[in-house]
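Report on one structure; see the data block that follows.
Just so it is clear: chains get the letters A, B, ... in the order the sequence lines come, proteins before strands, and each one is counted from 1.
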2 protein chains.
Amino acid sequence: MRISLEQFDKAFENRVRLQIMSVLAVNSAYDFNALKDLLQLTDGNLASHLKALEKEQYISITKSFIGRKPNTQYAITQKGKDAFKKHLQALENLIKQQK
Amino acid sequence: MRISLEQFDKAFENRVRLQIMSVLAVNSAYDFNALKDLLQLTDGNLASHLKALEKEQYISITKSFIGRKPNTQYAITQKGKDAFKKHLQALENLIKQQK
DNA sequence: GAAAGTACTTTGTAATTCAAAGTTGAAAAA
DNA sequence: TTTTTCAACTTTGAATTACAAAGTACTTTC
């Protein structure tokens, strides 16, 4: 017997990125500072994880101003949704085997 | 709101170790070559992942001979069971939020 | 004009991952 | 009895990843 490790998405192996995707999957958009607060990360670290997800085209970035303050919103893309769903399915299968 | 990233176990972040734990959770024991075959890894790579899990005391190692050949068996410990269960619970919660 | 806030980027260091090569000890083959 | 083989590692080295901290650019508020 063999197990394919490729059912799991490398981009979601890190728990910060897993959580970011989880948040963006259930919220139509989320901004930088709210994510930073939610996940308790330094801004540099958060920015680099977001960049990694953007590089995979799993999230999109929209910059604007709210009042006079700059605001960056992150949203999941269709590609991101598909990939995340597939990853969760793989995790679910693994969990199911345990029961 | 805040999310604790610590609900996820660092030792299980890597998908090789996640799969090893999954196999050992449902099999009372598994040997080196069977794991190697199952996961399609080089022996060095597998040995290092097993060592990482042993270091956490999540698995135990039993060396013996089968016929005249050396055989190393790996088994999950109680500590490993508890940690793995907790990790799966965290994953399950994350999945549940998506539905 | 100084300080503060947003959202980065850069820098530097430490940790992680992996393949490949080397090692050990016992057994089988020559 | 020397050699080869096999199991199960350990070591090495290189690439990648993760993270904090510091630096940057632009703007606004004091």
Side-chain angles (χ1 to χ4, degrees), chain A residues 2-21 23-24 27 29-56 58-75 83 87, chain B residues 2-21 23-24 29-56 58-75 87:
Chain A
R2 280 179 194 181
I3 286 175
S4 169
L5 295 168
E6 276 144 47
Q7 41 180 331
F8 299 105
D9 195 320
K10 268 257 172 197
F12 305 141
E13 206 157 351
N14 177 278
R15 51 205 178 146
V16 171
R17 290 193 299 271
L18 188 68
Q19 281 290 9
I20 291 171
M21 288 303 287
V23 170
L24 296 186
N27 295 278
Y30 226 81
D31 71 35
F32 189 88
N33 274 318
L35 271 176
K36 195 178 128 181
D37 202 56
L38 190 72
L39 301 173
Q40 298 285 293
L41 301 171
T42 57
D43 52 0
N45 193 12
L46 175 58
S48 72
H49 283 301
L50 288 167
K51 202 174 180 183
L53 290 171
E54 195 203 357
K55 194 183 154 204
E56 297 295 322
Y58 288 169
I59 64 172
S60 64
I61 300 183
T62 311
K63 287 163 192 266
S64 67
F65 281 80
I66 289 183
R68 302 298 174 91
K69 289 184 182 174
N71 179 272
T72 310
Q73 299 258 7
Y74 300 90
H87 185 78
Chain B
R2 278 179 196 182
I3 287 175
S4 168
L5 294 168
E6 275 142 48
Q7 42 181 329
F8 299 105
D9 195 320
K10 267 255 173 200
F12 306 141
E13 205 158 348
N14 177 280
R15 51 205 178 145
V16 171
R17 290 193 300 271
L18 188 69
Q19 282 289 8
I20 290 172
M21 289 303 287
V23 169
L24 296 185
Y30 225 84
D31 71 34
F32 189 87
N33 274 319
L35 270 176
K36 196 178 129 182
D37 202 55
L38 190 70
L39 302 173
Q40 297 286 293
L41 301 171
T42 57
D43 53 359
N45 192 13
L46 175 58
S48 71
H49 283 300
L50 288 167
K51 200 174 184 185
L53 290 171
E54 194 204 356
K55 194 183 154 204
E56 298 295 321
Y58 288 168
I59 63 172
S60 64
I61 300 184
T62 310
K63 286 163 193 266
S64 67
F65 281 79
I66 289 184
R68 304 297 173 93
K69 288 186 183 176
N71 179 273
T72 309
Q73 298 258 7
Y74 300 90
H87 185 77

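OP1 or OP2 of C/dT6 sits under 4.0 Å from a side-chain N or O of A/Asn33. Applying the 4.0 Å criterion to OP1 and OP2 of C/dT16, one finds that B/His49 has every side-chain N and O outside that range. Residue B/Lys36 places no side-chain N or O under 4.0 Å from the OP1 or OP2 atom of D/dA7. Between B/Lys10 and the phosphate of D/dA18, there is no side-chain N or O to OP1/OP2 separation shorter than 4.0 Å. OP1 or OP2 of D/dA20 has at least one side-chain nitrogen or oxygen of A/Thr42 nearer than 4.0 Å. The side chain of A/Asn14 places no N or O atom within less than 4.0 Å of a non-bridging phosphate oxygen (OP1 or OP2) of D/dT17. Phosphate contact (OP1/OP2 of C/dA7, side-chain N/O of A/Thr72, threshold under 4.0 Å): present.
Between the CG atom of A/Leu53 and the P atom of C/dC8 there is a distance of 13 Å, rounded to whole Å. Note: CG (A/Asn45) to C1' (D/dA21) measures 12 Å, nearest angstrom. One atom, CG of B/Leu35, and another, P of D/dA8, lie 10 Å apart when rounded to the nearest Å. The distance from atom CG of B/Leu41 to atom P of C/dT16 is 18 Å, rounded to the nearest whole Å. The interatomic distance linking A/Asp37 (CG) with C/dA7 (P) rounds to 12 Å, in whole Å. Here C/dT16 presents its P atom at 17 Å from CZ of B/Arg15, a figure rounded to the nearest Å. If you take NZ of A/Lys63 and P of D/dA25, they are 15 Å apart, rounded to a whole angstrom. Rounded to an integer number of Å, the gap from B/Ile20 CD1 to C/dC18 C1' is 14 Å.
The side chain of A/Lys51 approaches C/dT9 more closely than any other nucleotide in the set C/dT9, C/dA26, C/dG5. You'll find that the side chain of B/Ala47 is closest to D/dT10, out of D/dA20, D/dT10, C/dC18. Picking from C/dC18, C/dT17, D/dC9 the nucleotide with the shortest atom distance to the side chain of B/Arg17 gives C/dT17. The side chain of A/Tyr74 lies closest to C/dC8, out of C/dC8, D/dC19, D/dA7. Here the nucleotide nearest the side chain of A/Phe32, chosen from C/dA7, C/dA27, D/dC9, is C/dA7. The side chain of B/Pro70 lies closest to D/dA7, out of C/dT6, D/dT29, D/dA7.
Side-chain atoms of B/Phe8 and A/Leu18, non-hydrogen and from C-beta on, do get closer than 4.5 Å to each other. Residues A/Tyr58 and A/Leu24 fail the side-chain proximity criterion, which asks for heavy atoms closer than 4.5 Å.
When each of A/Glu13 and A/Phe65 is assigned the nucleotide of DNA chain D bearing its nearest heavy atom, the one mapping closer to the 5' terminus is A/Glu13. Positionally, the nearest nucleotide of DNA chain D for A/Ser48 lies more toward the 5' end than for the other of A/Ser48 and A/Lys69.
Between B/His87 and B/Phe12, the ring planes are perpendicular. Angles over 60° get that label, and only those under 30° would be called parallel.
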**Asked** Should B/Leu50 and B/Leu35 be marked as a side-chain contact (heavy atoms from CB on, under 4.5 Å) after you check the CA-CA gap, both sets of side-chain angles, and the distance that decides it?
**Response** CA-CA 10 Å; B/Leu50 288 167; B/Leu35 270 176; 4.0 Å; yes
**Request:** Begin with the C-alpha distance, continue with both residues' side-chain angles, and end with the deciding distance and a verdict on side-chain contact (heavy atoms from CB on, under 4.5 Å) for A/Gln19 and B/Gln7.
**Result:** CA-CA 11 Å; A/Gln19 281 290 9; B/Gln7 42 181 329; 3.4 Å; yes
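Of the possible polar contacts, none joining the A/Gln40 side chain to the B/Arg2 backbone as a donor-acceptor pair under 3.5 Å is found.
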